[in-house]
Chemist: 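Before anything else, here's the structure in question.
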Amino acid sequence: MAAVQEYDCIVIGAGVQGSFTAHQLAKNNKNTLLLEQFILPHTRGSSHGQTRIIRKAYEQNIYTHMMEECYKLWAQLETDAGVQLYRQTGLLLMGPQNNHSYKQFKKNLQNNKVPMVLLNNDIFSQQIPYMNLPDGYEALVDLTAGVLYADRAIKAVQEQFQKLGGVIRDKEMVTDIKPGPVVTVSTSACVYRTKSIVITAGPWANKLLTHTGLQLPLQVVKINVCYWKEKVPSLYSLKQGFPCFILTEGEDSNHDIYGLPSNEYPGLVKICYHMGKETDPDQRDKQTDRSDIDILQRFIRRCLPGLVPEPAVVESCMYTLTPDHHFVLDCHPSYSNIVIGAGFSGHGFKFGPVIGKTLCELSLGQVPSYDLSPFRIRRFQAMSKSAL
Ligand SMILES: Cc1cc2nc3c(=O)[nH]c(=O)nc-3n(C[C@H](O)[C@H](O)[C@H](O)COP(=O)(O)OP(=O)(O)OC[C@H]3O[C@@H](n4cnc5c(N)ncnc54)[C@H](O)[C@@H]3O)c2cc1C
Ligand SMILES: O=C(O)[C@@H]1CCCC=N1
């Protein structure tokens, strides 16, 4: 039988959040192990794929504030790794006139002096040809926004972690956690002992937390990641200057619709609905609901006449939603040496560097750089069922 191995810290889950957390711990001279259940890279969680939107446009000040530092940390990673991870495109935000959420986005951008432009109907048609602004909608552009090259980013941060002596073990599923002043972590291959653990297991968070007697009010949904063909190649391409976009609360939908310019698959534009149907993460492909695609087709027929209104490619990804769609960044209520990063609710990628820094601070018992009250577990109160 293999000897029990010891680490200062073990991070469980090598998606974007676990990878940045492990890197940050290694930067703080902690002997760190990053465990991943699947062979890396894989496409079965929430962090795979080539692109994600990065933006400062948020309704809540805390996110815009965190993004200030995130942009700097993304740039630092680009320099350290010698790869381009960010491409500025701007983010076109469209919302119904007098809509509370849209007004809040605008106000928050203005309060934070984020470079942006307001588009009236005439300017909209000049600046964003081949797109129709829905009747009664307003539009603005967050000029700081753009595309993150997601799969490159994860590879880069994992390589930086390993350069600092960090260890990644993939194809090693955590099967048990025994809390205590020293935590015992059992996997499909080994047993480890460590002073502290960080759980960044994405859609599997509650499955892992069972071992610690905690369940969070998380809902896992499958997202149909749809790519739509341009009728004329490059009409909506990154090279032609087409921006990322978000349509807040579409005319016939309760959730946002968002898109990125064609780039990763030439001639195909990624446009998705910001909600999906519930799934067990281990049974993702059994969830075959496509009602979101009907909503997207109606939107595309009305607003993007240069796209074929039938998805050319549909891939799968998962969101792990909290009831308020804010993250969980906290210590376990009963064990201060178990730190949890979960519930990134479909908008966590861009925050990876700051999430990593924050979870590392919690793990080291340091005062967090940000006010974490919106992200604390206690906000769920009655909802979180602690078996302790
Ligand atoms: C379609 C889609 C579009 C998105 N668009 C954007 C966007 O434009 N901008 C943005 O900022 N965000 C976006 N997001 C959200 C963002 O991608 C997620 O918030 C982020 O990837 C979550 O990362 P994570 O590390 O928490 O989870 P994951 O990436 O799922 O990582 C968790 C990891 O833990 C591993 N794991 C779980 N259980 C175990 C175990 N027992 N043992 C070992 N390993 C385990 C899993 O295999 C997995 O690799 C999008 C998400 C999706 C799905
Ligand atoms: O986080 C993002 O920017 C994207 C787009 C809006 C909905 C969710 N993810």
Side-chain angles (χ1 to χ4, degrees), residues 10-22 33-58 63 67 70 91 93 142 145-148 150-151 153-154 168-177 185-189 198-211 218 220-226 244-248 255-260 270-276 281-282 284 292 314-321 325 327-329 340-352 355-356 359:
I10 295 180
V11 179
I12 305 173
V16 65
Q17 314 305 7
S19 300
F20 272 102
T21 306
L33 171 65
L34 176 59
L35 287 170
E36 169 55 49
Q37 61 181 340
F38 300 128
I39 294 174
L40 290 169
H42 72 85
T43 57
R44 295 183 56 186
S46 302
S47 299
H48 57 279
Q50 293 175 58
T51 55
R52 291 292 187 278
I53 297 173
I54 177 168
R55 56 185 161 109
K56 287 188 185 164
Y58 262 90
Y63 291 119
M67 283 314 299
C70 275
L91 174 92
L93 180 75
D142 164 4
V147 172
L148 284 172
D151 48 5
I154 291 186
I168 302 180
R169 297 233 168 98
D170 61 358
K171 205 187 170 191
E172 202 169 320
M173 179 193 271
V174 172
T175 53
D176 193 24
I177 298 167
V185 175
S186 304
T187 71
S188 43
V198 180
I199 298 179
T200 46
W204 290 268
N206 266 337
K207 291 200 180 190
L208 268 169
L209 286 169
T210 309
H211 303 297
L218 301 175
V220 178
V221 297
K222 174 180 165 180
I223 302 299
N224 291 314
V225 185
C226 300
C244 296
F245 70 83
I246 299 178
L247 180 90
T248 67
H255 302 283
D256 297 351
I257 290 171
Y258 60 97
L260 293 84
K270 176 156 106 178
I271 301 176
C272 306
Y273 190 54
H274 187 43
M275 186 43 95
D282 293 311
R284 184 196 70 184
D292 54 335
V314 182
E315 296 178 349
S316 302
C317 194
M318 286 179 285
Y319 286 176
T320 308
L321 302 168
H325 292 200
F327 312 149
V328 173
L329 305 172
I340 302 164
F344 292 99
S345 302
H347 65 113
F349 201 100
K350 63 184 87 56
F351 294 97
I355 302 291
L359 295 177

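All values reported here derive from a predicted model rather than from experimental measurement. Counting starts at 1 for both ligands and their atoms, in listed order.
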Chemist: Considering only heavy atoms of Phe344, which atoms of ligand 1 have at least one such atom less than 4.0 Å away?
Modeler: 19 (O), 26 (O)
Chemist: Look at atom 2 (C) of ligand 1 and find which of Tyr258, Phe20, Phe349 reaches it with the closest heavy atom.
Modeler: Tyr258
Chemist: Under a 4.0 angstrom heavy-atom cut-off, which atoms of ligand 1 come close to Gln17?
Modeler: 23 (O), 24 (P), 25 (O), 26 (O)
Chemist: Taking distance alone, with N or O pairs closer than 3.5 Å, would you say Met318 contacts ligand 1?
Modeler: no
Chemist: Look at atom 37 (C) of ligand 1 and say which protein heavy atom is nearest, naming residue and atom and giving the distance to 0.1 Å.
Modeler: Gln37 NE2, 3.4 Å
Chemist: Identify, by atom number and element, the atoms of ligand 1 in contact range of Val16, meaning under 4.0 Å from any of its heavy atoms.
Modeler: 20 (C), 21 (O), 23 (O), 25 (O)
Chemist: If you round to the nearest 0.5 Å, how far is CG of Leu93 from OG1 of Thr248?
Modeler: 6.0 Å
Chemist: Atom 29 (O) of ligand 1: which protein heavy atom is closest, and how many Å away?
Modeler: Ser47 OG, 2.4 Å
Chemist: Taking only heavy atoms of Ile53 into account, list the atoms of ligand 1 that are under 4.0 Å away from them.
Modeler: 7 (C), 8 (O), 9 (N), 10 (C), 11 (O)
Chemist: Tell me whether His48 contacts the main-chain N or O of Ser316 through its side chain, where contact means a donor paired with an acceptor under 3.5 Å.
Modeler: yes
Chemist: Evaluate the side-chain proximity of Arg55 to Cys244: yes if any heavy-atom separation is below 4.5 Å, no if none is.
Modeler: no
Chemist: As an exercise, identify every atom of ligand 1 less than 4.0 angstrom from a heavy atom of Gly45.
Modeler: 30 (O)
Chemist: With the threshold set at under 4.0 angstrom, would you say Glu172 reaches ligand 1 through any of its heavy atoms?
Modeler: yes
Chemist: What protein heavy atom sits nearest atom 9 (N) of ligand 2, and how far away is it?
Modeler: Gly346 O, 3.0 Å
Chemist: Could you tell me whether the side chain of Val174 reaches within less than 4.5 Å of the side chain of Ile199, counting heavy atoms only?
Modeler: no
Chemist: N/O to N/O below 3.5 Å, does that happen between Ile223 and ligand 1?
Modeler: no
Chemist: Go through ligand 1 atom by atom and flag the ones less than 4.0 Å from a non-hydrogen atom of Phe38.
Modeler: 47 (O)
Chemist: For atom 53 (C) of ligand 1, what is the closest protein heavy atom, and at what distance to 0.1 Å?
Modeler: Cys317 SG, 2.4 Å
Chemist: With side chains defined as the heavy atoms from C-beta onward, is the minimum distance between Ile271 and Cys226 less than 4.5 Å?
Modeler: no
Chemist: Say whether Cys272 and ligand 1 are in contact under the criterion: heavy-atom distance to a ligand atom below 4.0 Å.
Modeler: no
Chemist: If you have a sec, work out which protein heavy atom is nearest atom 31 (O) of ligand 1 and how many Å separate them, to one decimal?
Modeler: Gly15 CA, 3.4 Å
Chemist: Please write down residue, atom name and distance for the protein heavy atom closest to atom 10 (C) of ligand 1.
Modeler: Lys350 NZ, 3.3 Å
Chemist: With the side chain counted from C-beta on, respond yes when His42 and Glu36 share a heavy-atom pair under 4.5 Å apart, and no when they do not.
Modeler: yes
Chemist: Considering heavy atoms of the protein only, find what lies nearest to atom 3 (O) of ligand 2 and give residue, atom and distance to 0.1 Å.
Modeler: Arg55 NE, 2.6 Å
Chemist: Compare every heavy atom of Gly352 with every heavy atom of Val16, then report the nearest pair and how far apart it is.
Modeler: CG2-CA, 4.3 Å
Chemist: When the ring centroid of His347 is compared with that of Tyr319, is the distance short of 6.0 Å?
Modeler: no
Chemist: What about Phe351: any of its N or O atoms under 3.5 Å from an N or O on ligand 1?
Modeler: no
Chemist: Centre-to-centre under 6.0 Å for Phe351 and Phe20, is that the case here?
Modeler: no
Chemist: When you compare the side chain of Trp204 with that of Met318, does any pair of heavy atoms fall below 4.5 Å?
Modeler: yes
Chemist: Mark the output for His42 as yes if a heavy-atom distance to ligand 1 is under 4.0 Å, and as no if none is.
Modeler: yes
Chemist: Taking Gly341's backbone N and O only, do any of them form a donor-acceptor pair with Thr200's side chain (distance below 3.5 Å, no angle check)?
Modeler: no
Chemist: Relative to each other, are the rings of His274 and His325 parallel, tilted or perpendicular (30° and 60° limits)?
Modeler: perpendicular
Chemist: Show the atoms of ligand 1 that are less than 4.0 angstrom away from any heavy atom in Val225.
Modeler: 1 (C)
Chemist: Under 3.5 Å, side chain of Asp142 to main-chain N/O of Ala57, donor-acceptor pair present?
Modeler: yes
Chemist: Which bit of Thr200 is near ligand 1, meaning a heavy atom under 4.0 Å away: side chain, backbone, both or neither?
Modeler: backbone
Chemist: For atom 42 (N) of ligand 1, what's the nearest protein heavy atom and its distance?
Modeler: Val174 N, 2.9 Å
Chemist: Within the structure, is a non-hydrogen atom of Asp256 found at a distance of less than 4.0 Å from ligand 2?
Modeler: no
Chemist: Please check whether Glu36 reaches ligand 1 - meaning an N/O of the residue sits under 3.5 Å from an N/O of the ligand, judged on distance alone.
Modeler: yes
Chemist: From the options Gly346, Pro203, Gly356, select the one whose nearest heavy atom is closest to atom 15 (C) of ligand 1.
Modeler: Gly346
Chemist: Distance under 4.0 Å to a non-hydrogen atom of Ile53: what atoms of ligand 2 satisfy this?
Modeler: 3 (O), 5 (C)
Chemist: Who's closest to atom 7 (C) of ligand 2 heavy-atom-wise, of His347, His274, Arg52, Met275?
Modeler: His274
Chemist: Any idea which protein heavy atom is nearest atom 22 (C) of ligand 1, and the distance to it?
Modeler: Ser46 CB, 3.8 Å
Chemist: Tell me, which protein residue and heavy-atom name are nearest atom 1 (O) of ligand 2, and how many Å apart are they?
Modeler: Lys350 NZ, 2.5 Å
Chemist: Judged by atom type as modelled, is there a donor-acceptor pair below 3.5 Å linking the side chain of Thr175 to the main-chain atoms of Ser186?
Modeler: yes
Chemist: Side chain, backbone, both or neither: which applies to Met173 and ligand 1 if a contact is any heavy-atom pair less than 4.0 Å apart?
Modeler: both
Chemist: For Arg169, does the CZ atom have more than 12 heavy-atom neighbours from other residues, nucleotides or ligands under 6.0 Å away?
Modeler: yes
Chemist: For atom 6 (C) of ligand 1, what is the closest protein heavy atom, and at what distance to 0.1 Å?
Modeler: Arg52 CD, 3.2 Å
Chemist: Heavy atoms, side chains only, cut-off 4.5 Å: are Ile12 and Ile177 in contact?
Modeler: yes
Chemist: Parallel, tilted or perpendicular: which one describes the rings of Phe344 and Phe327, with boundaries at 30° and 60°?
Modeler: tilted
Chemist: Just jot down the ligand 1 atoms closer than 4.0 angstrom to any heavy atom of Ala201, in number order.
Modeler: 32 (C), 34 (O), 37 (C), 38 (N)
Chemist: Heavy atoms, side chains only, cut-off 4.5 Å: are Val185 and Leu35 in contact?
Modeler: yes
Chemist: Answer yes or no: are there more than 12 heavy-atom neighbours, outside Lys207 itself, under 6.0 Å from its atom NZ?
Modeler: yes
